[in-house]
**Q** 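Pasting a structure here, questions to come.
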Amino acid sequence: MLSRYVKLYYLFCKQNLKVMLEYRMDFLLGVLSVMLQQFAGIFFVKIVFDHIHALNGWTFYEILFIYGIAATGRSIHHIFFDNLWTLGWQYIRPGKFDRLLIRPINPLFHFIADRLQQDGFGQLFIGIIVISTAMPHLGISWGVLEFFILVVMIIASGFIFVAINLFFATLSFWMVDSLPIVWTIFNLSDFARYPLTIYHKGIRHFLTWIVPYGFTAFYPAAYFIKGSGFERMALLTPVVAIVSCIIAYWFWNRGLKAFTSTGS
Amino acid sequence: MIVVKNLEKHYKIAKRDPGLRGAIKSLFHRKFETKKAVKKINMHINAGEMVGYIGANGAGKSTTIKMLTGILTPTSGEVKVNGIIPYENRQQNASHIGAVFGQRTQLFWDIPVRESYELLKHIYEIPQAQYEETLKEFVEVLHLEPLLGIPVRQLSLGQKMRCELAAAFLHRPKVVYLDEPTIGLDVAVKVRIRAFIKQMNARYGTTVLLTTHDMQDIEEICQRIIIIDDGSVIYDGSIQDIKSQFGDKRVIHFELEDAADSFVLPETLCDITEVLPKSDEEPHLVSLSFSNKHISGAEVIHTMMNHYSVADLTIADAKIETIVEEIYGRGMKKEVQHEEIH
Ligand SMILES: Nc1ncnc2c1ncn2[C@@H]1O[C@H](COP(=O)(O)OP(=O)(O)O)[C@@H](O)[C@H]1O
Ligand SMILES: [Mg+2]
């Protein structure tokens, strides 16, 4: 069962990659533009820190590290789950979603596997570069265990992005297109690229327990930042990822049910 | 194979008053209108049958097919396809069915046709040997060879539809639903597609449910037709039966010099002919329907010419088109249903 889906995913990917290579120019431009975007963000942080030494007690490299985790986690979503954006206007409205319902495989899987987004690779590169730049300056020694935890944290971060987008994309089953909502919520993740301690308590709770973007960058990063005071919170990251995914998938199934009973 | 009992589908349509005020009002207080798209229909289709499912636009054909494929859950009633309830076990049902929905593609848009088929092979878990054999056969019958290397998005409508048909039958499904597969195609492609469907049925015993507006499709492919009108089945039987039942029916379309609106049926024709409702496409025509047991076509024409100046006329013979036109037009529902009961 699982191995069947792994194999299918591989085959879908292969086809998507072929299409990508067919449009080589698009691929390069997409990757470059995303990298530029990311650079702009980092440049901004750099300028701020040229004038001050610490922001609310956080050093430049610590902020850079948080930024890097956000970018890498987000790239997982961007590369593999980008199709979530298109649920309303490319699948449900034009009637293309029906096609997924008459295939003997999980419709969510089919929907996700239908697309691979090359632009996300730019974000992945930048994220890795930023993380490696910041790593040596955090005051901890990096062993195998730390690396392992880092990878787990980043994957968890990616899946939190996925769960949140899936949840709000699912609203498309009830409304014309939930894209504006998905977009608005997604933009909240920008807040999470900075230490949550710089925000008002209300915002902090919101980004921790309601729309848990805090766990996509700040909390997992804090695990590796000496004396951050959030090490224990950080350990919740994988749990939050799993719970968010379960809730989002449950909601998706509700949406699917609504769709099959209204037919639009 | 397909058993449908008292199947109903009601759509809820949100009603709102026009303009901004209406839009704001509808935010707080939504009014719904119920559209009964399918009303208590029953059908029983055996394995290997090829059935034409016909009816005017909006009659409820696609809605029925969506419930049979599991895309839609019925409001009430039940469906069993090959022992499976499609909307409850959608994935299980999906591996035994194929479908073509008019102009929507089932194939993968950006990748070449051959690779689309490769993916379908894995999705449906078709054994390699069977896949190769099937594909070879389809390529021959549908002339797909030159298309296999082209991405779907670059195909013409006719080419795409041939590829779609092959995709729908690729995993040798037990049932195939074809919702207007020939719409917009030229005659040569239609002929090819009909031949293919018949061959699939002959070779693999595939059950086929076909909706179309092209009666030629029906006459060539189906042994049986089910006619649906405004959500209700108004006829279910063999084409042969309907022909002999209504075979004496004739329809003549008259184009009059005077406006068709002022037309009054000449008295001598009153009891034995009937004026059919005007069609939307040709509102200037007056169509008379009659049985040639009661009056001959020549006599009808003669009488009409005596009373009106006729610019042109066409005689529709007892083809299935005419009969169907009759059934829709005159609302023969009661008569036909009555026949069915005993
Ligand atoms: N998703 C939907 N929501 C509301 N009404 C619908 C929907 N789909 C179809 N209808 C209505 O239901 C009726 C039957 O439609 P349909 O099954 O598509 O007919 P056909 O395929 O015979 O043309 C039509 O009046 C149509 O407007
Ligand atoms: Mg239809």
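No hydrogens, no waters, no symmetry mates; every other heavy atom, side chains included, goes into these values. Within every chain, numbering begins at 1; the chains are lettered A, B, ... in the order of the sequence lines, protein sequences first and strands thereafter.
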**Q** Can you list every donor-acceptor pair under 3.5 Å that links chain A to chain B?
**A**
from: A:Arg4; atom 1: NE; to: B:Glu125; atom 2: OE2; distance (Å): 3.3
from: A:Arg4; atom 1: NH2; to: B:Ile123; atom 2: O; distance (Å): 2.6
from: A:Gln15; atom 1: NE2; to: B:Glu115; atom 2: OE1; distance (Å): 2.7
from: A:Lys18; atom 1: NZ; to: B:Glu115; atom 2: OE1; distance (Å): 2.7
from: A:Lys18; atom 1: NZ; to: B:Glu115; atom 2: OE2; distance (Å): 3.4
from: A:Tyr23; atom 1: OH; to: B:Arg153; atom 2: NH1; distance (Å): 3.4
from: A:Tyr23; atom 1: OH; to: B:Arg153; atom 2: NH2; distance (Å): 2.7
from: A:Arg99; atom 1: NH1; to: B:Leu107; atom 2: O; distance (Å): 3.3
from: A:Ile102; atom 1: O; to: B:Tyr124; atom 2: OH; distance (Å): 3.4
from: A:Arg103; atom 1: NH2; to: B:Gln106; atom 2: O; distance (Å): 2.5
from: A:Thr260; atom 1: O; to: B:Thr73; atom 2: N; distance (Å): 2.6
from: A:Thr260; atom 1: OG1; to: B:Thr73; atom 2: OG1; distance (Å): 3.4
from: A:Ser261; atom 1: O; to: B:Lys9; atom 2: NZ; distance (Å): 2.6

**Q** So with a 6.0 Å cut-off around CZ of A:Phe81, is the heavy-atom count from everything else above 12?
**A** yes
**Q** Is the number of heavy atoms from other residues, nucleotides or ligands under 6.0 Å of B:Phe32 CZ greater than 12?
**A** yes
**Q** Can you list the residues that meet the side-chain hydrogen bond (donor to acceptor under 3.5 Å, both in side chains) rule with A:Ser178, with sequence neighbours excluded?
**A** A:Ser172
**Q** Rounded to the nearest 0.5 Å, what separates atom CD1 in A:Ile102 from atom CG in B:Leu68?
**A** 12.0 Å
**Q** Given a strict heavy-atom distance threshold of 4.5 Å, which part of B:Phe101 is in contact with chain A: side chain, backbone, both, or neither?
**A** side chain
**Q** What is the distance from atom CD1 of B:Ile71 to atom CZ of A:Phe259, rounded to the nearest 0.5 Å?
**A** 7.5 Å
**Q** Between B:Ile111, B:Ile123, B:Ile97, who has the most heavy-atom pairs with chain A when the cutoff is under 4.5 Å?
**A** B:Ile123
**Q** So what's closer than 4.5 Å to chain B heavy atoms on A:Phe12: side chain, backbone, both or neither?
**A** both
**Q** Chain A heavy atoms under 4.5 Å from B:Leu107: which part of the residue, side chain, backbone, both or neither?
**A** backbone
